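Notes to accompany the following structure.
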Amino acid sequence: MSFVVGLTGGIGSGKSAATREFEKLGITVIDADVVARQVVEPGTAALARIAEYFGDAMLNTHGELNRTALRKAVFDNEQHKNWLNALLHPAIRRLMQQQIEQAPGPYCILAVPLLIENNLTGMCQRVLVIDCPESLQLARAVKRDGSDEQVIKNIMKSQASREQRREAADDIIDNSGEIDALAPQVTRLHQQYLSLSAPS
Ligand SMILES: CC(C)(COP(=O)(O)OP(=O)(O)OC[C@H]1O[C@@H](n2cnc3c(N)ncnc32)[C@H](O)[C@@H]1O)[C@@H](O)C(=O)NCCC(=O)NCCS
Ligand SMILES: Nc1ncnc2c1ncn2[C@@H]1O[C@H](COP(=O)(O)OP(=O)(O)OP(=O)(O)O)[C@@H](O)[C@H]1O
């Protein structure tokens with residue numbers, strides 16, 4: 001596989017809704033959040049290191065990662081977050097690269113919420129941003145998760161700005177309208193990626 005489209009967007013921007021449309025067109029989607037869970041599955045070296053560093057409170061009764069406990073430990077402590085990212089990012093990058101090489105089809109989508117923040121654009125031939133006003137991100141994420149507005153605002157603050165993402169984009173999907181306005185934009189980009197990825 002040599003043609004990778006990096007898909008990103010802020011929390012609640014519509015990344016999952018857009019990747020579902022690419023999957024309907026038969027395109028393989030590699031989801032960084034899924035990969036980030038695979039690298040800390042029970043039995044992995046990374047999970048053992050996390051338990052060693054933070055203590056067994058980071059494991060639930062089945063020996064799996066207690067994500068809520070780890071999120072609490074890292075998101076208000078820069079040193080802990082840097083330690084965790086230094087441990088997991090190389091493993092996440094390696095596994096994503098493996099899955100890219102195994103992906104069938106003319107191109108694949110690499111869906112990464114933190115594509116820009118974690119400097120992963122170098123893995124992609126094209127950067128696609130799912131874009132909408134921050135107010136819509138906030139409203140949609142709060143409605144979907146039933147979480148407190150301040151939690152979503154804190155996550156938005158820890159991520160790249162809308163301007164930074166638009167600056168890094170080769171292509172932008174405007175997700176400020178109705179959800180059924182996504183499919184036609186995905187179809188148009190699919191045609192473009194088929195021709196860009198076709199052997200010259
Ligand atoms: C700390 C962990 C376990 C929390 O997992 P949990 O499922 O509770 O939260 P989730 O991953 O969905 O993140 C919640 C929100 O925080 C944001 N976020 C996730 N990781 C980070 C980070 N390292 N820095 C800033 N924001 C982050 C996400 O964009 C998401 O919007 C998880 O975020 C993690 O493993 N982070 C370190 C690895 C990483 O950076 N993963 C991103 C893949 S590129
Ligand atoms: N255009 C739209 N109009 C209305 N609701 C939408 C639209 N696009 C997405 N949604 C809804 O908003 C919520 C967030 O969308 P989605 O989960 O696809 O975003 P995401 O970028 O994957 O979020 P996260 O980064 O949190 O994983 C979902 O409940 C989704 O159904």
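Counting starts at 1 for both ligands and their atoms, in listed order. Not measured: the values here are computed from a predicted model. Residue indices begin at 1 and follow the sequence shown.
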Which is closest to atom 7 (C) of ligand 2 in terms of heavy atoms, Gln159, Arg20, Arg140? Arg140
Would you check the N or O atoms of Gly14, main chain and side chain alike, for any that come under 3.5 Å of an N or O of ligand 2? yes
Is there a side-chain contact between Leu115 and Cys124 in this structure, where contact means two heavy atoms from C-beta onward sitting under 4.5 Å apart? yes
Is Gly9 near ligand 2, meaning one of its heavy atoms is under 4.0 Å from it? no
Atoms in ligand 2 with a heavy atom of Asn175 nearer than 4.0 Å: 1 (N), 2 (C), 7 (C), 8 (N), 9 (C)
All pairs passing side chain to side chain donor-acceptor pair (under 3.5 Å) where residues 18-29 contributes a residue, at least two apart: Glu21-Lys24
Give the contacting part of Pro113 toward ligand 2: side chain, backbone, both or neither, where contact means a heavy-atom distance below 4.0 Å. neither
Under a plain distance cut-off of 3.5 Å, with no hydrogens placed, do Gln102 and Gln98 share a side-chain donor-acceptor pair? no
When clusters are formed by joining ILVMFWY residues with side-chain heavy atoms under 4.5 Å apart, either directly or through shared neighbours, do Ile116 and Met123 land in the same one? no
For Arg144, is at least one N or O under 3.5 Å away from an N or O on ligand 2? yes
By number and element, which atoms of ligand 2 are closer than 4.0 Å to a non-hydrogen atom of Ala17? 18 (O)
Do Gln192 and Asp171 meet the criterion of a side-chain donor-acceptor pair at a distance under 3.5 Å? yes
Numbered atoms of ligand 2 (with element) below 4.0 Å of Lys15, judged on heavy atoms: 18 (O), 19 (O), 20 (P), 21 (O), 22 (O), 23 (O), 24 (P), 25 (O)
For Glu178, the ligand 2 atoms with a heavy-atom partner under 4.0 Å come out as 1 (N)
Salt bridge (charged side-chain N to carboxylate O under 4.0 Å, His left out) contacts touching residues 40-61 (sequence neighbours left out): Arg49-Glu52
Can you find a non-hydrogen atom of Gly10 under 4.0 Å from ligand 2? yes
Would you call the rings of Phe22 and Tyr193 parallel, tilted or perpendicular if under 30° counts as parallel and over 60° as perpendicular? parallel
Taking only non-hydrogen atoms of Gly12 and a 4.0 Å limit, the atoms of ligand 2 in range are 14 (C), 19 (O), 20 (P), 21 (O), 23 (O), 24 (P), 25 (O), 26 (O)
Say whether Gly177, considering both its backbone and side-chain N or O atoms, lies within less than 3.5 Å of an N or O atom on ligand 2. yes
Could you walk me through whether Arg165 and Glu117 pass the side chain to side chain contact (heavy atoms under 4.5 Å, CB included) check? CA-CA 10 Å; Arg165 277 192 209 94; Glu117 298 87 332; 3.9 Å; yes
